[in-house]
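Keep in mind that what you see is a predicted model, and the values were worked out from it rather than measured. Every chain is numbered from 1, with letters handed out A, B, ... down the list of sequences.
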Amino acid sequence: MVSPDKLGHFGEFGGRFVPETLMAVLLELECEFKKAMKDPSFKKEFAAYLQNFAGRPTNLYHAERLSKQLKALKVYLKREDLLHTGAHKINNTLGQIILARRMGKTRIIAETGAGQHGVATATVSALFGLKCVIYMGAEDVVRQALNVVRMRLMGATVVPVTSGSKTLKDAMNEAIRDWVTNVNDTFYIIGSVAGPHPYPMMVREFQKIIGQEARRQFLKAEGDLPDYLLACVGGGSNAMGLFHAFFNDKAVKMIGVEAAGHGLNTHAHSAAIGKGTPGILHGSKSALLQDTDGQVQIAHSIAAGLDYPGVGPEHYYYKTIGRADYVSVDDKEAIAGVKLLSRSEGIIPALESAHAVAYLSKLAKRVKGRKTVIVCLSGRGDKDMGTIKEVM
Amino acid sequence: MIFLGHVFFLVFMMNRIDAKFNELRKARKKAFIAFITAGDPDLQVTEDLALAFETAGVDILEIGVPFSDPMADGPIIQAASFRALQKGVTLKKILSTVKKIRESSQIPIALMSYYNPIFHFGIEKFILAAKEAGVDGLVIPDLPVEEAADLSRYAKGAGIATIFFLAPTTARERMPAIVKAATGFIYFVSVAGVTGAKKAVPSDIMRQIRLARTMTKKPICVGFGVSTSEQVKAMGRISDGVIVGSAIVKEIEKNVGQKDMIGRVARFVRHLAAVL
């Protein structure tokens, strides 16, 4: 178990870089979170919702036809796409909303890019009968119109954010502004292993069940640990969720796949670890896409859920200590990944998860002998049919 | 060697912010602190406003460094930041502007910047450049004391004030560390919210300020949501100074393109400063 230090640092990254007004609530949240993690009744309630509402455990599925095609790799898919709402995001939102209720908060806010975290937050807010406001970049509101309908159907208020680049990072700015203003009654459900301490640690703790299950399931199926773990990285919650349980299994190689968008040599990508430098955004220090004056650059990916100029601090820490490798896959390759999995296995992955799938083809060429790999299939592709239709 | 030089410098020359508060204290007056966003609408205007403000009764000038993601700011300063960035304003250019202001003015200047532009510049390098330009203090809204050790150390070495925040939500237990680390003055956020907040200033800030007073003799100034002369007057009664930002930035925006823009904004500011 890797714990951040008292101030929330993973190595030199993480921390709490927020307006003074928020310090009290972050300290309170950290304290309540730690209490909850030691409280059997919290654990029991969380586990029950994960099982009965979200649909855990998810399958670890041996993708036989895909493996045959790739030859050098025996591929297992961790099927987070089968969860209620269609992605791993629900694990975290369930954990946080139980915490919100324990803390007596009556109003939930969240940011969303692709809308998956927004949908997962609207879902648990409906489940718990709490008021919910979702901030979403005005451009994403258009790109992900169906998810907006889903959120509104469940009673959430969706606020289109028109400031800045009108995408995820600006939605997060606006959610933070709301939080600063309504700090007494409002709980901010951050959707990734990003943001100020304790969020990166807390979200990881709520997502680590992905890796815990996968490890157990893989051992049962193969009698050994996998050679590789593969997951897409935007903020990095599904990847950290998969990786964490394997941290001490030194022989297991971890690969995070960032979005190369139009290519790493253009400015239109989201590879914060691959091309970014240390910086501070949204409350923590991590890898950041920024210009020479320290202004945050606008990220790009065909997958709205990866379209973010930063990354969770623990990933950057993993990178610096050499525990995980970070590679990237561009928009075209991601589309090819969608097709590959759809045709070989009859599973349509989310564009985000397709980045991890697409990297399989590259990895297959690199490895010597036959290797085993677990891919985190973090979400299903239904939400992306509009985008796919345009490029097919 | 550079550091030794600065220690020497410190002994012989008091920080302009400290000197200003000494002077105000003797005269039993409160500080009027005016905020403008650097480069809105351009850096020449920033320079001209600084000089005009000095004669309009502004005691301390707070110059905002525009940032792509100003999460502590309301719509008015967000928009000003955006306009300034569109014009290509950078931290380096702002320091040059401060240097130009220094050629003809000794008005105390605090830079307000989000942490990333400073961090990216390089903390040590930035502090030296700021000192050389004539910056007297730093206000960094997303840098709580817990993360500020490096910056505070370099700033102290250069005699630049590090102005930290107290908020209505700040717990009693954290206050001693904040008031200890703060130099120049303590920035008291009047309301939980972003800059330019419209809500009436709540009464419980009295209690917070009184509590802080039991821990420090440093000046405490109130900002966020202060826009009218009535509010300036009321806040002046309970603190050592008042910071007005969004109201001035809005006045600038309103007068962009007017022939006597500098004069108009300065008159607006003079009117606010006069009540203290």
Original post:
Which of the residues A/Leu288, A/Asn173, A/Asp291, A/Ile176 is involved in the greatest number of heavy-atom pairs with chain B at under 4.5 angstrom?
Top reply: A/Asn173

Original post:
Looking at A/Met172, A/His282, A/His9, which has the largest count of heavy-atom pairs under 4.5 Å with chain B?
Top reply: A/His9

**OP:** State, without any angle test, whether A/Ser284 and A/Ser286 hold a side-chain donor-acceptor pair at a distance under 3.5 Å.
**Re:**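 No.
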
Let me know if [X] has heavy atoms under 4.5 Å from chain B in its side chain, its backbone, both or neither.
X	result
A/Val296	both
A/Thr277	side chain
A/Gln290	side chain
A/Ile298	neither
A/Pro278	both
A/Asp178	neither

Is the backbone N or O of [Y] less than 3.5 Å from a side-chain atom of [X], with the two atoms forming a donor-acceptor pair by type?
X	Y	value
B/Lys218	B/Ala182	yes
B/Thr97	B/Lys93	yes
B/Thr170	B/Leu166	no

Contact class of [X] relative to chain A, heavy atoms under 4.5 angstrom:
X	answer
B/Val189	side chain
B/Phe121	neither
B/Pro75	neither
B/Gln78	side chain
B/Ile178	side chain
B/Ile118	neither

Subject >> Worked verdict on A/Phe13 versus A/Tyr317 for ring pair (Phe, Tyr, Trp, His ring centres under 6.0 Å) >> reply: CA-CA 7 Å; A/Phe13 307 113; A/Tyr317 173 64; 7.9 Å; no

Original post:
If you draw a 6.0 Å radius around NZ in A/Lys105, do more than 12 non-hydrogen atoms from other residues or ligands fall strictly inside?
Top reply: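 It does: A/Lys105 NZ has more than 12 such atoms within range.
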
Subject >> B/Gln44 atom CD, neighbour heavy-atom count above 12 within 6.0 Å >> reply: yes

**OP:** Search all heavy atoms of A/Ser270 against all heavy atoms of A/Ala299 and return the closest pair with its distance.
**Re:**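 Smallest heavy-atom distance, with atoms named: OG-CB, 3.5 Å.
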
Original post:
What residue among A/Asn184, A/Asp185, A/Thr186 forms side chain to side chain donor-acceptor pair (under 3.5 Å) with A/Arg107?
Top reply: A/Thr186

Original post:
Top residue by heavy-atom pair count (under 4.5 Å) with chain A, among B/Leu91, B/Asp73, B/Leu143?
Top reply: B/Asp73

Subject >> Heavy-atom pair count under 4.5 Å with chain A, highest-scoring of B/Thr169, B/Asp69, B/Ile140 >> reply: B/Asp69

Original post:
Are A/His300 and A/His262 close enough that their ring centers fall under 6.0 Å?
Top reply: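 Ring centres of A/His262 and A/His300 closer than 6.0 Å.
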
